[in-house]
Protein chains: 2
Amino acid sequence: MGTALSVIERFSRFQSDDAQSAEPVCCPVRDVLDRIGDKWSVLVIMTLATRPQRFSELRRAIRDISKRMLTQTLRDLERDGLITRHVYATKPPSVEYRLAPLGQSLLEPMASLVDWADRRYSDIHAARVRFDESPL
Amino acid sequence: MGTALSVIERFSRFQSDDAQSAEPVCCPVRDVLDRIGDKWSVLVIMTLATRPQRFSELRRAIRDISKRMLTQTLRDLERDGLITRHVYATKPPSVEYRLAPLGQSLLEPMASLVDWADRRYSDIHAARVRFDESPL
DNA sequence: GAGGACAGGTCTCAATTAGAGACCTGCTTC
DNA sequence: GAAGCAGGTCTCTAATTGAGACCTGTCCTC
């Protein structure tokens, strides 16, 4: 609790410093969060958490991702050092993606978020229904 | 560690069940993650973590958010029960946003993610540079 | 009492981004 | 020799975003 606030306060200070300056916004945390906070990254990382997988295994696991977005998400994650890409010179060459140590280290905090989402989902859903039904 | 994997495995099972069915993807965790995983939600929640704030205070704190997106983000967060909106009938009516208990409960897991981002930023940045410089 | 400022938005339009799906290369199978 | 899979790329369209004009109402200043 106290820990959470101290982390967030540190971040806030960064952000308000930024609010002063005329420069474009530049904050490491935002930079990273923008990257892993997109629609597919978290899903891909969690899918790779159990075991390394090939391109088409990932596509089957995450049914509604398009090839285009899967390719792009994998490239971005590789670029950030969260996953690694291994090409095997088999008959039709196969490509395997696996979590790099950096990606592994993300599992812990990510799991706490997933756990939160899981436990609070019913509250959130109830709030939505209430909001949508409310007068006006 | 073990905890992280068990949470993620539970989620994965959900996802692979889903992979079997012909139905459109439907998973509580994804539902929630899509919502808070957008560009602005995390920023707004963290800004409100320190104290309740008014619309224009938020705009000043998050300099590069447009009015349109701030309004929309706040509505969505309110709808999900993460924040509450209070209108005061002052001379020019003022509107204050504050974290609801549900939003408070998100601070802890979110902070662990922010902390990760903060501590790993240099690794990620180094990986990017390496990737961008690499042959081809 | 006209002009400007601020609060909290909404609306419109242009630019960016995402998704569907056709297409490509190389190799195997019927 | 038609068809299928792997791992992508390319193109076209649809949805999302951001910039910024505009709106209503209440101050304050001159």
Side-chain angles (χ1 to χ4, degrees), chain A residues 18-19 22-26 30-31 33-44 47-48 51-79 83-98 131 136, chain B residues 18-19 22-26 30-31 33-44 47-48 51-79 83-98 131 136:
Chain A
D18 190 276
E23 316 282 293
V25 175
C26 147
R30 285 183 62 160
D31 192 19
L33 253 34
D34 275 5
R35 201 54 278 304
I36 63 170
D38 72 65
K39 191 171 178 183
W40 303 113
S41 296
V42 171
L43 253 26
V44 169
T47 305
L48 289 177
R51 61 187 161 87
Q53 287 183 63
R54 299 172 54 176
F55 187 87
S56 23
E57 287 182 294
L58 286 168
R59 271 211 75 194
R60 279 188 291 270
I62 309 173
R63 274 183 30 243
D64 53 346
I65 193 173
S66 64
K67 284 178 164 195
R68 190 175 157 289
M69 288 315 291
L70 181 54
T71 303
Q72 188 178 308
T73 304
L74 290 168
R75 287 288 169 283
D76 288 344
L77 291 174
E78 190 194 357
R79 175 168 182 258
I83 65 175
T84 52
R85 179 172 183 270
H86 306 268
V87 182
Y88 296 104
T90 50
K91 16 307 181 64
S94 64
V95 181
E96 190 179 79
Y97 294 92
R98 61 181 63 171
F131 186 92
L136 230 224
Chain B
D18 190 276
E23 317 281 293
V25 175
C26 146
R30 285 183 61 161
D31 192 20
L33 253 34
D34 274 5
R35 198 56 277 304
I36 62 170
D38 72 63
K39 192 171 177 182
W40 304 112
S41 296
V42 171
L43 252 25
V44 168
T47 306
L48 289 177
R51 63 187 159 85
Q53 287 183 63
R54 299 172 54 175
F55 187 86
S56 23
E57 286 181 296
L58 287 168
R59 271 211 77 195
R60 277 189 290 269
I62 308 173
R63 275 185 28 244
D64 52 345
I65 193 173
S66 65
K67 284 178 163 194
R68 192 177 154 287
M69 287 314 290
L70 180 54
T71 302
Q72 188 177 307
T73 303
L74 289 168
R75 287 288 168 282
D76 288 344
L77 291 174
E78 189 194 358
R79 175 168 182 259
I83 65 174
T84 53
R85 180 172 182 272
H86 306 268
V87 182
Y88 297 104
T90 49
K91 14 315 182 54
S94 64
V95 181
E96 189 179 80
Y97 294 91
R98 61 180 65 168
F131 186 92
L136 232 224

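Values below: every heavy atom of this structure, side chains too, minus hydrogens, waters and symmetry copies.
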Just to confirm, is there a sub-4.0 Å distance from OP1 or OP2 of D/dA6 to any side-chain nitrogen or oxygen of A/Arg59?
-> no
Has B/Thr71 got a side-chain N or O lying under 4.0 Å from the OP1 or OP2 atom of C/dG9?
-> no
Indicate whether OP1 or OP2 belonging to C/dA7 is found under 4.0 Å from a side-chain N or O atom of B/Arg60.
-> yes
Can you find a side chain N or O atom of A/Gln72 that sits less than 4.0 Å from OP1 or OP2 on D/dG8?
-> no
Could you tell me whether the phosphate oxygens of D/dC10, OP1 or OP2, come under 4.0 Å of any side-chain nitrogen or oxygen in A/Arg68?
-> no
Nearest to the side chain of B/Lys67 - C/dC23, C/dG8, D/dG18?
-> C/dG8
Would a 4.5 Å heavy-atom cut-off, applied to side chains only, mark A/Asp76 and A/Arg35 as touching?
-> yes
Evaluate the criterion salt bridge (Lys or Arg N to Asp or Glu O under 4.0 Å) for residue pair A/Glu96 and A/Arg98; output intermediate values, then yes/no.
-> CA-CA 7 Å; A/Glu96 190 179 79; A/Arg98 61 181 63 171; 2.4 Å; yes
Short question: side chain of B/Gln53, backbone of B/Tyr97 - any donor-acceptor pair under 3.5 Å?
-> no
Whole-Å gap separating P (C/dC6) and OH (B/Tyr88) | 23 Å
Per A/Tyr97 side chain, nearest of listed nucleotides D/dG8, C/dA20, C/dG9 = D/dG8
May I have the distance from B/Met69 (atom CE) to C/dA14 (atom P), rounded to whole angstrom?
-> 20 Å
Nucleotide D/dA6, atom P - distance to CG of A/Leu70 in whole Å | 13 Å
Roughly how many Å is it from CG in A/Asp38 to P in D/dA15, rounded to a whole number?
-> 20 Å
Kindly say if A/Trp40 contacts the phosphate of C/dG19, meaning a side-chain N or O under 4.0 Å from OP1 or OP2.
-> yes
Might you work through the salt bridge (Lys or Arg N to Asp or Glu O under 4.0 Å) test for B/Asp64 and B/Arg59, ending with a clear yes or no?
-> CA-CA 8 Å; B/Asp64 52 345; B/Arg59 271 211 77 195; over 6 Å; no
Atom pair distance, as rounded to whole Å: CZ in A/Arg85 and P in D/dA6 | 15 Å
For B/Arg35 and D/dT16, give me the distance from atom CZ to atom C1', rounded to whole Å.
-> 14 Å
Between A/Glu57 (CD) and D/dA6 (P), how many Å, whole number?
-> 9 Å
Between C1' of D/dT17 and CG of B/Asp64, the distance in whole Å | 13 Å
Is the closest side-chain heavy-atom distance between A/Ile65 and A/Leu43 below 4.5 Å?
-> no
Against the side chain of A/Arg54, the closest entry in D/dG8, C/dG8, D/dA6 is D/dA6
